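Everything on this sheet refers to the single structure shown next.
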Amino acid sequence: MTPFESFDHLEDLDAESKYLVHKAKEATQHAYAPYSRFQVGAALMLEDGTVVVGANQENASYPLCMCAERVALYTAAVLHTGKRITKMAIAAHKKNHKELARASSCGACRQVLLEFEHRQKSPIETVMLGPDQKWVKCTSAAALVPLGFNQDHLDLA
Ligand code: THU
């Protein structure tokens with residue numbers, strides 16, 4: 001079975017995913033993106049129903065820009081230490097545009113998500129707007145990072 005599921009309309013998603021996309025959309029308001037003008041929001045669902053959001057934070061020193069996903073993940077790690085994350089939704093739009101843009105997590109964020117998933121030993125589902133304005137749900141970070149690198153490879157024992 002494929003780990004990816006595609007939906008033509010947001011309304012076709014399950015209620016929790018829709019809610020989380022709504023929260024991610026809201027979080028785009030907190031983006032600081034004067035350079036790319038691409039405002040991204042991420043929303044995480046924790047195991048107890050808590051929602052944690054993040055938005056991209058840019059810097060005049062471009063490589064220091066931080067994606068919405070990592071802002072949300074690191075916030076959850078500090079404010080809700082030890083609580084498992086069940087799902088992450090991402091939403092993005094260009095500044096002053098209402099229409100949502102395609103927003104697929106970058107490789108760095110996928111790698112960070114993979115570490116969270118590995119640590120908590122349970123899958124994190126993702127919901128993003130993929131190609132052709134279709135919503136894509138993926139069952140786990142591992143599926144987003146095939147042959148991914150994790151702490152097991154370091155043989156730290
Ligand atoms: N960005 C995110 O926040 N998340 C993604 O998944 C992709 C890219 C941000 C980084 C930068 O502030 C802007 O979008 C343009 O790359």
Side-chain angles (χ1 to χ4, degrees), residues 2-10 12-14 16-46 50-80 84-120 122-150:
T2 169
F4 297 96
E5 219 183 330
S6 179
F7 302 83
D8 287 339
H9 307 285
L10 185 60
D12 302 335
L13 290 165
D14 60 283
E16 191 187 68
S17 297
K18 271 190 279 199
Y19 174 66
L20 215 53
V21 167
H22 166 73
K23 288 293 187 189
K25 216 168 144 180
E26 267 184 4
T28 62
Q29 293 171 34
H30 306 298
Y32 173 64
Y35 306 106
S36 71
R37 299 174 64 81
F38 193 64
Q39 308 205 213
V40 187
L44 305 172
M45 179 63 73
L46 308 188
T50 305
V51 173
V52 176
V53 298
N56 55 327
Q57 304 298 319
E58 299 189 344
N59 193 282
S61 174
Y62 291 177
L64 301 182
C65 294
M66 181 60 72
C67 292
E69 293 92 322
R70 275 175 285 162
V71 171
L73 288 164
Y74 294 145
T75 300
V78 172
L79 297 183
H80 301 279
R84 278 202 287 258
I85 299 163
T86 55
K87 196 181 293 211
M88 177 174 79
I90 303 134
H93 59 82
K94 290 185 189 146
K95 196 172 171 67
N96 301 327
H97 285 235
K98 266 198 162 173
E99 199 193 332
L100 289 182
R102 186 179 170 186
S104 187
S105 288
C106 76
C109 289
R110 292 178 191 215
Q111 179 67 28
V112 170
L113 190 69
L114 187 67
E115 183 96 12
F116 274 75
E117 183 172 278
H118 197 258
R119 270 170 87 185
Q120 69 178 30
S122 63
I124 301 174
E125 207 173 68
T126 51
V127 184
M128 327 176 181
L129 187 57
D132 306 321
Q133 292 289 109
K134 286 189 198 303
W135 288 92
V136 180
K137 233 163 86 163
C138 178
T139 52
S140 67
L144 285 177
V145 190
L147 299 176
F149 180 76
N150 66 49

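Here the structure is a predicted model, which means the values were calculated and not measured. Counting starts at 1 for both ligands and their atoms, following the listed order. Numbers here are sequence positions counted from 1.
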Return all side-chain donor-acceptor pairs below 3.5 angstrom for residues 108-118, not counting sequence neighbours, or 'none' if the list is empty.
from, atom 1, to, atom 2, distance (Å)
R110, NE, S105, O, 2.8
R110, NH1, L144, O, 3.4
R110, NH2, S104, OG, 2.8
R110, NH2, S105, O, 3.2
Q111, NE2, F149, O, 2.9
E117, OE1, I124, N, 2.9
E117, OE1, A141, N, 2.7
E117, OE2, A141, N, 3.4
E117, OE2, A142, N, 3.0
H118, NE2, D152, OD2, 3.2

Quick one: table the atom pairs, ligand 1 N or O against protein N or O, below 3.5 Å, distance rounded to 0.1 Å.
from, atom 1, to, atom 2, distance (Å)
ligand 1, 3 (O), A68, N, 2.9
ligand 1, 4 (N), E69, OE1, 2.8
ligand 1, 6 (O), E69, OE1, 3.4
ligand 1, 6 (O), E69, OE2, 2.6
ligand 1, 12 (O), N56, ND2, 2.9
ligand 1, 12 (O), E58, OE2, 2.4

Side chain proximity check, N96 to R37, heavy atoms < 4.5 angstrom = yes
message = side-chain contact (heavy atoms from CB on, under 4.5 Å), that's the test. Do L100 and W135 meet it? Break it down for me.
response = CA-CA 11 Å; L100 289 182; W135 288 92; 3.8 Å; yes
query = Looking only at side chains, do T28 and H93 share a donor and an acceptor under 3.5 Å apart?
reply = yes
query = When you look at V127 and M88, which way does the side-chain contact (heavy atoms from CB on, under 4.5 Å) test go after all the steps?
reply = CA-CA 6 Å; V127 184; M88 177 174 79; over 6 Å; no
ask   = Hey, mind stepping through D8 and K134 against side-chain contact (heavy atoms from CB on, under 4.5 Å) and telling me if it holds?
value = CA-CA 5 Å; D8 287 339; K134 286 189 198 303; 2.7 Å; yes
